[in-house]
Amino acid sequence: MASGRPAIAATTVLLLALGCSGSGETGTPVTGSAPPGIASPASTPPAAGPGAPGIGDPDFPTDGNGGYDVEHYGLKIDYNPGAKHLSGVATIRAKALQELSSFNLDLSGFTVERVAVAGGPTTWQQGLVFERTGDELTVTPSDPIPAGTAFTVEVAYAGEPRPVKNSSNLGTYGFIPTRDGAFVTCEPNGAKTWFPGNDHPSDKARYDFEITVPAGLTALANGEMTDRPRTTGGKTTYRWREDHPMVTYLATMTLGRFELREGTTASGIKNLAAVDPRFRDSLDDLYTLSGKITDYWATVFGPYPFSSTGGVVDDFSAGYALENQTKPMYGGFDPDEGIIAHELAHQWFGNSLSIRRWKDLWLNEGFATYAEWLWSEHEGDSTAEQLFRRHYAAGQDDAIWKYAPGRARPDDLFNSSVYTRGGMTLHALRQRIGDRVFFELLKTWSGEHKYGYVTTEEFTALAEKLSGKRLDALFDAWLFQERKPTTW
Ligand code: TRP
Ligand code: ZN
């Protein structure tokens with residue numbers, strides 16, 4: 001075992017690191033009825049004109065963009081850690097959902113050097129007109145892109161990447177330079193700090209990465225290496241591919257010196273652990289625990305949705321972790337079982353099943369927190385029931401009861417209530433519907449929405465359907481009320 005610490009300690013580490021001690025503020029009164037969701041791209045009514053500068057998440061109005069759906073990102077990036085200079089060419093394949101006279105990409109910082117578009121009836125339109133306003137890059141093709149057509153946009157950009165700082169309670173995220181490379185953790189909207197795109201979880205795509213770094217450094221990205229690293233002229237190029245749909249905030253490229261251990265888990269899933277030399281002593285534990293936990297989650301949540309598992313520990317004192325697809329990232333500490341169980345559970349809840357709007361974040365964090373409790377129970381440490389009771393003991397005035405986790409707030413998205421009270425919601429549900437139906441529900445949920453998008457309403461509807469019980473009072477008390485639930 002990597003650590004004798006109970007899983008609950010990992011939650012504490014995670015939340016303290018995020019500064020999520022919970023705020024005592026009360027928000028507007030909450031009703032049980034959920035806000036309207038973002039329409040699925042397919043149901044967007046076709047309209048001619050410019051694509052909207054946001055994808056329609058009312059809490060994050062300029063995140064993502066309207067009017068198109070990305071299918072593939074080809075990211076060719078050269079980074080020099082000494083100069084902190086990045087130059088990139090992003091080739092984005094998308095489908096127009098309306099006739100587009102212009103469209104937006106999210107991009108923060110950098111100088112855009114060139115934009116070209118191909119698609120529809122035209123071949124490449126070079127040297128296009130583009131405009132920068134805030135974190136929006138607006139591209140105006142010389143001919144509009146017809147509705148329903150596939151098109152490709154190529155953006156060449158360069159400069160010093162700048163992470164997002166002090167946005168609400170999140171600290172620093174995005175592309176973060178380190179001593180020997182970079183640490184890239186982008187939730188919720190930091191992908192725009194290293195590539196142009198549709199930076200919102202409701203537009204997944206596949207990715208190819210071609211990353212060039214000074215020889216001697218390693219570049220790790222999502223998915224699998226498609227070719228061996230190639231070194232010429234003092235630089236090495238790494239090629240990676242994520243061939244499963246992925247949201248922008250889970251895309252990563254971790255650059256630096258790493259020690260690697262590769263193999264397969266007992267059930268045959270590829271496993272890659274990578275650690276900064278300073279964390280050399282955790283390489284074997286990270287590798288072994290990641291494999292063992294991935295295999296266990298596959299028995300509880302359904303087949304592992306991606307082509308490999310593992311994790312990365314970098315020498316960056318973030319003190320936090322992020323569930324980057326196939327390669328969760330641990331910033332500056334030895335991850336213990338609880339946090340590994342958490343980040344790997346996200347591969348199902350958050351990564352394969354992704355939220356359409358940020359207020360449903362408990363579908364990611366509540367599930368991953370509950371997974372920590374399930375792991376603890378599985379290991380014969382505290383049971384989920386004991387962990388639930390420990391949290392439920394918080395007095396009526398505790399901040400956790402004042403924040404409704406079913407409506408994560410944009411100014412305090414990662415509040416501990418979204419994690420802990422979200423996890424408690426699942427335990428209350430388990431008590432109510434019984435273990436057999438509860439665990440069937442987890443598998444059905446992850447199976448039915450594999451690689452898709454989900455909302456809270458879809459989860460509560462499925463829970464009612466599988467249990468044959470009316471659960472609206474339970475979910476209302478646990479997810480939507482700003483007071484301590486007393487019955488369920
Ligand atoms: N999703 C992360 C977790 O709970 C927490 C997180 C949110 C995060 N935003 C982040 C981590 C930005 C790193 C960077 O596992
Ligand atoms: Zn999490």
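Numbering starts at 1 and runs along the sequence shown. Atoms within a ligand are numbered from 1 in the order they appear, just like the ligands themselves. Hydrogens, waters and symmetry mates play no part in the numbers below; they use all other heavy atoms, side chains included.
Residue V313 is tested with D334, L286, L283 for a side chain to side chain contact (heavy atoms under 4.5 Å, CB included); the sole match is L286. Between W358 and the choices P410, P201, P58, the side chain to side chain contact (heavy atoms under 4.5 Å, CB included) rule is met once, by P201.
The Zn ion (ligand 2) has an N, O or S atom of E365 inside 2.8 Å of it.
Close contacts between ligand 1 and Y419 involve ligand atoms 2 (C), 3 (C), 4 (O), 5 (C) [criterion: under 4.0 Å to a heavy atom]. Of all atoms in ligand 1, listed by their number and element, those nearer than 4.0 Å to a heavy atom of E323 are 1 (N), 2 (C), 3 (C), 15 (O). The contact set between ligand 1 and F414, taken as ligand atoms under 4.0 Å from a residue heavy atom, comprises 7 (C), 9 (N). Shown in contact with A321 at under 4.0 Å from a heavy atom are these atoms of ligand 1, numbered in order with element: 2 (C), 3 (C), 5 (C), 8 (C), 11 (C), 13 (C), 15 (O). Which parts of ligand 1 touch E365 is read off a 4.0 Å heavy-atom cut-off, strictly below it: atoms 1 (N), 2 (C), 3 (C), 4 (O). The contact set between ligand 1 and H342, taken as ligand atoms under 4.0 Å from a residue heavy atom, comprises 3 (C), 4 (O), 15 (O).
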Determine whether W348 and F301 satisfy the following criterion, ring pair (Phe, Tyr, Trp, His ring centres under 6.0 Å), listing intermediate values before the conclusion. CA-CA 7 Å; W348 283 261; F301 305 143; 5.6 Å; yes
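Applying the side chain to side chain contact (heavy atoms under 4.5 Å, CB included) rule to E210 yields the partners K76, T237, R239; only residues at least two apart in sequence or on another chain are considered. For Q347, the side chain to side chain donor-acceptor pair (under 3.5 Å) partners at least two apart in sequence or on another chain are N351.
Taking the ring axis of F60 as reference, the NZ or CZ atom of K359 does not stay both within 45° of it and closer than 6.0 Å to the ring centre. Cation-pi geometry between K204 and Y453 is met: the NZ or CZ atom falls under 6.0 Å from the ring centre, inside 45° of the normal.
Of the polar atoms of Y173, none of the N or O atoms is found under 3.5 Å from an N or O of ligand 1, judged by distance alone.
Ligand 1 has at least one atom lying under 4.0 Å from a heavy atom of H346.
Under 4.0 Å from ligand 1, the heavy atoms of E343 that appear belong solely to its side chain.
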